[in-house]
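The structure appears right after this line, and notes come after that.
Chain naming here is simple, since letters A, B, ... match the order of the sequence lines and numbering starts at 1 in each.
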Number of protein chains: 2
Amino acid sequence: MRALWSDMVNAKTPDGDRRLRMDDVAELAGVSQMTVSRALRTPEKVAPETRARIEAAMAQLDYVPDLVAGSLAARRSGLIAAVVSTFENAIFAPTIAGLTEAAEAAGFTILLGSSGYSETDEERLLRAILGRRPDGVMLTDAFHTPRARRLLAAAGVPIVETWDLPAEPVDMVVGFSNVDAGRAMTLALHGFGYRRIAFVAPSSERDRRGLKRLDGYRRAMDDLGAPRREIRLHGPVATLEEGAAALVALLDQHPEADAVACSVDTLAAGALFEARRRGIDVPGRLGIAGFGDFALAQPAGLDMTTMRIAGRNIGAEAGAMLVKRIAGETPEQAVFDIGYEVVRRSSA
Amino acid sequence: MRALWSDMVNAKTPDGDRRLRMDDVAELAGVSQMTVSRALRTPEKVAPETRARIEAAMAQLDYVPDLVAGSLAARRSGLIAAVVSTFENAIFAPTIAGLTEAAEAAGFTILLGSSGYSETDEERLLRAILGRRPDGVMLTDAFHTPRARRLLAAAGVPIVETWDLPAEPVDMVVGFSNVDAGRAMTLALHGFGYRRIAFVAPSSERDRRGLKRLDGYRRAMDDLGAPRREIRLHGPVATLEEGAAALVALLDQHPEADAVACSVDTLAAGALFEARRRGIDVPGRLGIAGFGDFALAQPAGLDMTTMRIAGRNIGAEAGAMLVKRIAGETPEQAVFDIGYEVVRRSSA
DNA sequence: GTGCGACATGTTTGCGCAATCATCGTCATC
DNA sequence: GATGACGATGATTGCGCAAACATGTCGCAC
C-alpha cells in the first residue's frame, strides 16, 4: 500500500467517452456556454423559457458541473475546511456536525483534515488543506509550528479557532476560557462540600486546553488556601485506561482526597469505572467530576458530574461566522465566548 | 443567515496583494514554472542542485501550490469523498477515521458529505460531491433515487459501498451480510438458552440494514420453529428513547419474551436503561442484545452483549481499495466481507 | 571526432469554467 | 420617431497548473 498520489499521475482512466461540459448542455439547449453558467449561478438573470430549456438539457444529460474548474475561474472554492487532531477526540463529532449544518445550508462543502499528533504531519496537512483554497477554515486544535501559523495567516481566508480563547488568536474564535472553566469546576466541587480536591491532568504540552483547566484548578485551590493534589497522565492521549490508572495513582499518592476533577470526561469515565471495580463509594468516599459532558457517558448511566460545553453550538457558530465573513460582512464580534455550565449529577 | 454561496460571488477580498504562483517561485529560483512543478511532483527528475534552489525559494516565499488549478490540469483531484447520512450515526466516526488514515497516507484528502434523510438533499449533496471530481467515493449510506445511482455510476470513479453487502452493488463493497448477522445473533441467543426471543427493528424503509437484520431474525426463528415477536420503532431514527419505548412495548405486547435483540446498539442501550429504571432483572428475567458494539456502551459499564463489527477496518479497507483502484490496479476482490462476531457480555 | 542516447530543462497548450465587456433587441419617454 | 435605459445573451479571455512535446547538453562508444 505504498501507492502514492504522485505514482498515479499516469494512470489512465479506462472509459474513453469524454466527460460532459457546459458546452454540451449549451448546444443541446441552443444557447451559449455562458448562459448555461448563468442559469446555474444566477438563474434570475436568465429568461424563464431559456432557463427551462437549459434545465431540461441538464436533466436529460445528467450533467454535473465541474466545481474544480469553477473554483479556479471564480477564485472561490465553496469549501470550508475543518481540521481536527484525531477522530478519537470526542470534541470532533458534534462540532463537525454543527459546522456541517451551517456550511451546507449556505452551499459550502466540508473538507476534512486530521493532523495527527506529529508536527511534521501538521505542515503536510496544512498544505493539503490550504492548497485546496478553502474559503474558510475551522480549527479544533491549533497548529503549533511557527511556519504553520504563518501559512494560515497568509492564506488570506477567514479562520476560526474553537474550544478555547487563545491569547493571540490567528483570526476569529468560538470557545470559552478553559482556565475559568477549570477554576469554576473546582469551586463548584468546593461548593458541594468537598475540601480535599484533586485534579487529573495531561502531561503532554500538546493538550493545551487540559493544561489550562489544570491552571484554573490551581488558581482556585490557591484562592481557597487549599493544597494542590495533582495526578498527571503518562501517555499523550486521554483514554479510559489513563483515567483508571489516574484513580489508582490518586488512591496511592493522595489517599486523603475526597474529590477529583478530571481534565476531560474520558478520564473521569475511566476513573469511575475503576472506582466501581474497586468498590469505592462514589460520591460518598470520593466525588468524581469530568469535563465536556460528552455523549458517551450520560445516556450510558455513568451519571457523571461534569462541565457542559455546547460542542455542537461551537461548530454551528463557527460555521455562521465563517459564512458571514466569506460573504464580506464583519461579524459583530471576532471572539465568541460560548461559556460553560456545571452539570451536577450523582458522581460528585 | 440566508447568505448563500451564490450571493457572495462578487464579494471582494480585502487584501490587494496577489497570491503566489509557481512563476514567482520559478523566478526566484531561476528556473521555469514547469521545473518547479516537476520538483513538486517528480523530484527525482530534477537535478539535485536545481531542486535545492527551488525548495529554498518555496520555503522563503511560504509557497503553497494551488491544488485546484493542479486538479483541473491533471484531471485528478486527489480527493476521496466520504458520504454519510448523519453524524449522529455511530457508524460514522470509526469508519471515517479508518478511511482518513488510509487516504491521507496515500496523499489524498477527505471531502465530507452528509446527506441528511431527505431525498431532495440527496441529489444536492451528490452534485456538491461529484462536482469536486473526487478520485473515489466511499458511501456509508446508499443513495436511494434512481437518478442518484445513475449519477454515481456515470461519475466514472471507483465507489465503495460499506456496512452491507448489497445485492446489486454500484461498484465495490466492504461490508458484511446484515441478514446473516441478524440470523447469527438470534441463533446465538438461542444457544445461550433463550427460547422466546423478540426483535426490535426500525420501521423506516431508509434503514435497510436494520430491516435486513430483522429479516435474519425471522429466518432464524422460522428455522427454529419459534413464533416471531417483533417490535417496530415509531420514528425514523434509532435513538435511546426509541429503545426505551421499545422495551415498554415489548413488556406490553410480548410479556412472555425472555430475550430481545435490537437492530442496533443504541436501541439496546435505551432498552437496558429502561429495564434498570423498572428494576427488571437483566439478563435473568430478560436478555438484551445489541448490534454494532459501538463505543458508547462498553466504557460506561453497560456491558452489553452485542454483534461486533470492525467499523474502523471497514473504513481502512475501503480506503485501501479505493487507493488501489485509483492507481489503476484491480483489487483481488470487489466485494470484501469483513464479517461479524457475537460478543457475549453480561446483558444476555 | 562523430553520433547517439540519456538526462535536464524549457515552450506551448488546454483543462472547464466565470469575469468582463460587447452586442442586440425592446420598451417607455419626451 | 429619436433616445436612452435596461434586460437578455454572446464572445473573449484568463484562472494556475500539468501534459505533451521540443530543445539543449553532456558523456561515451567506436
Exercise. Start at the 5' end of DNA chain C and walk down; is the nucleotide closest to Ala73(B) or to Arg51(B) reached first?
Worked result: Arg51(B)

For this session: Check whether more than 12 heavy atoms from other residues, nucleotides or ligands sit under 6.0 Å from atom CZ of Arg127(A), and answer yes or no.
Result: yes

For this session: Taking only the side-chain nitrogens and oxygens of Thr35(B), find out if one of them lies under 4.0 Å from OP1 or OP2 of dT9(C).
Result: no

For this session: Taking only the side-chain nitrogens and oxygens of Tyr63(B), find out if one of them lies under 4.0 Å from OP1 or OP2 of dC17(D).
Result: yes

Exercise. With a 4.0 Å cut-off on heavy atoms, is Val68(B) in touch with a base, just the backbone sugar-phosphate, or nothing at all?
Worked result: nothing

Problem set entry | Interatomic distance where CZ belongs to Arg75(A) and C1' belongs to dC17(D) [whole Å] | 14 Å

For this session: Would you indicate which nucleotide in dT9(C), dT9(D), dC15(D) comes nearest to any side-chain atom of Arg38(B)?
Result: dT9(C)

For this session: Please list residues of residues 26-33 of chain B whose heavy atoms come under 4.0 Å from any atom in DNA chain D, ordered by number; otherwise none.
Result: Gln33(B)

Problem set entry | Whole-Å distance separating the CD1 atom of Ile54(A) from the C1' atom of dA8(D) | 11 Å

For this session: Kindly calculate the angle separating the two end axes of the helix from dG1(C)-dC30(D) to dC30(C)-dG1(D), each obtained from five base pairs, and round it to 10 degrees.
Result: 40°

Exercise. Just how far, in rounded Å, is C1' of dC15(C) from CE of Met22(A)?
Worked result: 14 Å

For this session: Return yes when atom CD of Gln333(A) has more than 12 non-hydrogen atoms of other residues, nucleotides or ligands closer than 6.0 Å, and no otherwise.
Result: yes

Exercise. Can you check the Leu40(B) CG to dA18(D) P distance for me, whole Å?
Worked result: 7 Å

Under 3.5 Å, sequence neighbours excluded: what are the donor-acceptor pairs made by side chains of residues 154-163 of chain B?
{"residue": "Glu161(B)", "atom": "OE1", "partner": "Val170(B)", "partner atom": "N", "Å": "2.8"}
{"residue": "Thr162(B)", "atom": "OG1", "partner": "Leu139(B)", "partner atom": "O", "Å": "2.7"}
{"residue": "Trp163(B)", "atom": "NE1", "partner": "Thr95(B)", "partner atom": "OG1", "Å": "3.0"}

